[in-house]
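Below is one structure, written out as structure tokens; the observations come after it.
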Amino acid sequence: IAGITQAPTSQILAAGRRMTLRCTQDMRHNAMYWYRQDLGLGLRLIHYSNTAGTTGKGEVPDGYSVSRANTDDFPLTLASAVPSQTSVYFCASSPLAGGTDTQYFGPGTRLTVL
Amino acid sequence: GNSVTQMEGPVTLSEEAFLTINCTYTATGYPSLFWYVQYPGEGLQLLLKATKADDKGSNKGFEATYRKETTSFHLEKGSVQVSDSAVYFCALGPYSGAGSYQLTFGKGTKLSVIP
């Protein structure tokens, strides 16, 4: 059982370039999330999806977009990367939407924007 | 809005020492509370959780009790091991029906256990 996979593991990107971070889960969870982790700031929610076909904005959505065409995949796109988007990005999922449910995290993508 | 405050690290302990990591929260209603752990180079994984007041979550020798009167969820372990070295995050989830699905995380506390 793979759980959640993320790709790439790490990436160095020139500012202004477009980048899509991939996230796939095989647990048939309804809800999925994207977080960024920055030193001293903990994890902050970028976007979420309660179920396939729906998405919502989290705490720090600017500069990012997501789609949820099916249950398993939840890609995160940076349309035009900027250095402040240098961070570690974690995808997560939970069986149901809502704050009482355990979230399961992927291994992360380390992104550096130069 | 919701917020979580946890003690700043890093925390360095000798093996078999007692561990406390403080966590307090501000929230509307009756949130669920979580401790997540992040081992080096890995994603976060749930350590324990409590969904209502006075509940005690426990796992791998760690415990935390949901204290509504003090709005706290302190993490404790009686005897830490080197393998417990990690970053620990306290998190808060909105109460059911709030219409929000966001977990609010503390900034994390790095624990190093030395032999």
Side-chain angles (χ1 to χ4, degrees), chain A residues 2-7 9-10 21 23 25 27 29-51 54-61 66 68 74 87-110, chain B residues 1-10 21 23 25 27-53 55 57 59 66 73 86-110:
Chain A
I4 296 181
T5 57
Q6 293 184 235
T9 301
S10 65
L21 308 185
C23 174
Q25 53 107 353
M27 298 176 283
H29 285 174
N30 283 309
M32 297 187 75
Y33 314 84
W34 273 107
Y35 293 91
R36 59 177 290 172
Q37 182 179 29
D38 301 291
L39 192 63
L41 296 177
L43 275 80
R44 295 178 292 169
L45 183 68
I46 304 171
H47 285 287
Y48 65 90
S49 169
N50 294 335
T51 189
T54 69
T55 62
K57 293 182 179 180
E59 180 183 356
V60 289
V66 292
R68 187 88 183 278
F74 191 44
S87 187
V88 181
Y89 291 85
F90 288 100
C91 180
S93 70
S94 60
L96 299 172
T100 61
D101 218 2
T102 300
Q103 293 187 13
Y104 297 82
F105 285 77
T109 294
R110 182 175 295 275
Chain B
N2 295 342
S3 68
V4 174
T5 302
Q6 62 181 102
M7 65 185 287
E8 295 186 17
I21 301 178
C23 172
Y25 68 89
T28 303
Y30 303 94
S32 293
L33 299 171
F34 306 81
W35 277 101
Y36 281 82
V37 59
Q38 184 180 31
Y39 298 103
E42 298 183 9
L44 279 71
Q45 54 186 274
L46 179 70
L47 181 60
L48 53 84
K49 70 177 183 181
T51 58
K52 61 182 187 295
D55 268 2
N59 186 26
Y66 188 159
F73 193 55
V87 181
Y88 292 82
F89 293 91
C90 185
L92 176 157
Y95 64 93
S96 179
S100 169
Y101 305 94
Q102 180 169 332
L103 276 183
T104 301
F105 285 87
K107 295 181 180 181
T109 302
K110 183 177 182 179

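Model, not experiment: these values are computed from the prediction.
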Under 4.5 Å to a heavy atom of chain B? For A:Q6 that would be neither

Taken to the nearest 0.5 Å, the spacing of A:N30 CG from A:Q25 CD works out to 8.5 Å

Item checked: Point-to-point distance, once rounded to the nearest 0.5 Å, from CZ of B:F73 to CG of B:L92 ->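 Taking CZ in B:F73 and CG in B:L92, the distance rounds to 10.5 Å.
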
query: Can you tell me if A:S94 and A:Y33 form a side-chain donor-acceptor pair at under 3.5 Å?
result: yes

**Study point:** Proximal component of B:Q6, with respect to chain A [non-hydrogen, under 4.5 Å]
**Key:**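 Contact with chain A involves no heavy atom of B:Q6 at all.
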
Based on non-hydrogen pairs under 4.5 Å, which of B:Q45, B:E42, B:Q38 is most in contact with chain A?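 Greatest number of close heavy-atom pairs with chain A: B:Q38.
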
- Query: Should B:Y66 and B:P31 count as side-chain neighbours, where that means a heavy-atom distance under 4.5 Å?
  - Reply: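 They are in side-chain contact.
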
Counting heavy-atom pairs under 4.5 angstrom with chain B, the leader among A:A92, A:G40, A:G56 is A:G40

If you tally heavy-atom pairs under 4.5 Å between each of A:Y104, A:F105, A:F90 and chain B, the highest tally belongs to A:F105

* **Heavy-atom neighbours of A:R44 CZ exceed 12 at 6.0 Å** => yes

